[in-house]
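Every value quoted in this text rests on a predicted model; they were computed, and no experiment measured them. Order of appearance sets the numbers: ligands from 1, and atoms from 1 within every ligand.
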Amino acid sequence: MSSPSQAPPPVTTPVLEAPKDNPFEDMLARFDVAAEQLDLDDGMIKVLKTPERQLKVAIPIRLDDGSTEVFDGWRVQHNSAMGPCKGGIRYSPHVDVDEVCALAAWMTWKCAIVNVPFGGAKGGVRCNARELSLPELERITRRYTTGIMDIIGPDRDVPAPDMYTNEQVMAWIMDTYSMHRRGSHTGIVTGKPWGLGGSMGRREATGRGLLTMVREAVRTKKIELAKASVVVQGSGNVGGTIALLLHEAGVRIKAISDIDGGLVNAKGLDIPGVLAYQEKHRTLSGCPLGEDCSNAELLSMECDIMVPCAAENQITSRNAEKLQAKIIIEGANGPTTARADAILDAQDIFVIPDILANAGGVVVSYFEWVQDRMGIFWEERDVNKRLEKIMQKAFRQVHKRTKTSHVNMRTAAYMEGIGRVAHITRMRGMYP
Ligand code: NAD
């Protein structure tokens, strides 16, 4: 350890050479950096890198026009050392097995970072939810649930919402599973509606966790939040919630976007008005409360805090140099490619990585699962208070690791998560 009079070794970020924009390869590249720091042996590295189970299912559906379509669906369980697998289900036209594997692995490290007793999983169905009717989405959900039924369960693998899935989709999964199992199994999914075993505060949990990250980050970087400007990419569950919470806290949101483009107002957007417009029109396009901009323009805007809350691979080696934010807080999973990490470090941008920043969702999912098992439900203020405490502790542990290991926040977060899973794996031993 360096004495107080000695300057610590410089923080260096290896330039990672993952193949272009492949989230699973990105995860592995960052894993290798953390594993080397942790001095993990080759056997442990092989175990922790390899997803335990990958299931692909075909989902044949009768569409509303009478024709038949077959959709592809996946459920990947990356690692169950810490407990039942946990992870969302996304409906997206771009989803593939690499994306689902990456998301499942990130869930493993994320659960470990916030110390919830879950392993990591993820699911996806390749479809365009924006073009499907509600009855079509219901049929897809029920058939997909039936397809993955044998590997999920309250003690095995517990799905939750992700992109383009919501409380309604979770209710259909719970109902389908319960019909097959001849009972009422609320613990099969989290993110359910209130009254069906859902938890108070789950819908806002990821955004609320991000708010704690914002507060911790500005404290660390000595930025006055009241004077800060914020840009949010994505205005769904995560982006919409963090924008609203910050707006309510008196913080200026300069721009926000959805998949169709962005909306900017340098003086600060009226976020409740913007979200009400989006709710009514199902898009931000044409909203009169700001000027239009593209997602690319939004990402390179001058601001104190940038919160990407949309999709993966938004901040890449191609645009990272253009970013002007002082702090990036990753609400989305994988918004930054591995190749962009070193570029952001070189610009001294403080990045709070996804596996720490957006962990609030899985923390309250854990609370929901606990409440379902107890049959007793908590007040929203208790949920929020417990969430804040866990997120604050996780941030501080990761930040402390940056000092002791002289690494950036992302590597420190990977080290915290991977180190804990490795420890538990050693304790459990290898079966048989
Ligand atoms: P959502 O479907 O509610 O919202 C997604 C938003 O991103 C929408 O506004 C959509 O228009 C926009 N978007 C999608 N693709 C885009 C693109 N290519 N460019 C710009 N905007 C785009 O989804 P969500 O639940 O808010 O999830 C957003 C991200 O947060 C995902 O990466 C998800 O994995 C991650 N996440 C979600 C949760 C959760 O609890 N929902 C928890 C942790 C992480």
Query raised in the report: Should the pair K221-D304 be classified as a salt bridge under the 4.0 Å nitrogen-to-oxygen rule?
Result: no
Requested in this report: Could you say whether the N/O atoms of I259 and ligand 1 ever approach to under 3.5 Å?
Outcome: yes
Requested in this report: Starting from the C-alpha separation in whole Å, work towards a yes-or-no answer on side chain to side chain donor-acceptor pair (under 3.5 Å) for Q278 and T283.
Outcome: CA-CA 5 Å; Q278 176 180 258; T283 177; over 6 Å; no
Query raised in the report: Is any side-chain N of the basic residue among D348 and K326 closer than 4.0 Å to the acidic one's carboxylate O?
Result: no
Report summary line: Closest to atom 22 (C) of ligand 1 among protein heavy atoms sits A310 CB, 3.4 Å
Query - From the candidates V238, N333, N166, T206, the one that places a heavy atom nearest atom 26 (O) of ligand 1 - result: V238
Query raised in the report: For Q278 and ligand 1, does the shortest N/O to N/O distance drop below 3.5 Å?
Result: no
Query raised in the report: Charged N to carboxylate O below 4.0 Å: is that the case for D157 and K122?
Result: no
Requested in this report: Kindly assign one of parallel, tilted or perpendicular to the pair Y366 and F118, based on the angle between their ring planes and the thresholds 30° and 60°.
Outcome: perpendicular
Report task. Answer side chain, backbone, both or neither: which part of N295 comes under 4.0 Å from ligand 1, heavy atoms only. Result -> side chain
Query - Proximity to ligand 1 by part of Q233, non-hydrogen separation under 4.0 Å - result: side chain
Query raised in the report: Judged by non-hydrogen atoms, does R90 sit under 4.0 Å from ligand 1?
Result: yes
Query raised in the report: Ion pair present between D354 and K110, side-chain N to carboxylate O less than 4.0 angstrom?
Result: no
Requested in this report: List the closest protein heavy-atom neighbour of atom 8 (C) of ligand 1: residue, atom name, distance to the nearest 0.1 Å.
Outcome: G236 N, 3.9 Å
Report summary line: A student checking ligand 1 against A332 at a 4.0 Å heavy-atom cut-off should list atoms 29 (C), 30 (O), 32 (O), 35 (C)
Report task. Please state which part of A160 comes within less than 4.0 Å of ligand 1, counting heavy atoms only: side chain, backbone, both or neither. Result -> neither
Query - Electrostatic pair D260:R130 at N-O distance under 4.0 angstrom - result: yes
Requested in this report: Taking atom CZ of R62 as the centre, report whether more than 12 heavy atoms of other residues, nucleotides or ligands fall under 6.0 Å from it.
Outcome: no
Query raised in the report: Between R386 and W378, is NZ or CZ placed under 6.0 angstrom from the six-membered ring centre and within 45° of the ring axis?
Result: yes
Report summary line: Within 4.0 Å of some non-hydrogen atom of Y164, the atoms of ligand 1 are 2 (O), 10 (C), 11 (O), 14 (C)
Report task. Return the residue, atom name and 0.1 Å-rounded distance of the protein heavy atom closest to atom 3 (O) of ligand 1. Result -> N237 N, 2.9 Å
Query raised in the report: For ligand 1, is there an N or O atom under 3.5 Å from any N or O atom of N358?
Result: no
Report task. Under 4.0 Å, heavy atoms only, figure out whether ligand 1 is touched by the backbone of E330, its side chain, both or neither. Result -> neither
Query raised in the report: R202: heavy atom below 4.0 Å from ligand 1, yes or no?
Result: yes
Report summary line: By salt bridge (charged side-chain N to carboxylate O under 4.0 Å, His left out), E388 pairs with (sequence neighbours left out) none
Query raised in the report: Residues two or more places apart in sequence or in another chain: which of them pass ring pair (Phe, Tyr, Trp, His ring centres under 6.0 Å) with F71?
Result: none
**Report entry** Closest protein heavy atom (residue, atom, distance) for atom 18 (N) of ligand 1
**Finding:** Q314 NE2, 3.9 Å
Query raised in the report: Is K110 in polar range of ligand 1, meaning some N or O pair under 3.5 Å apart?
Result: no
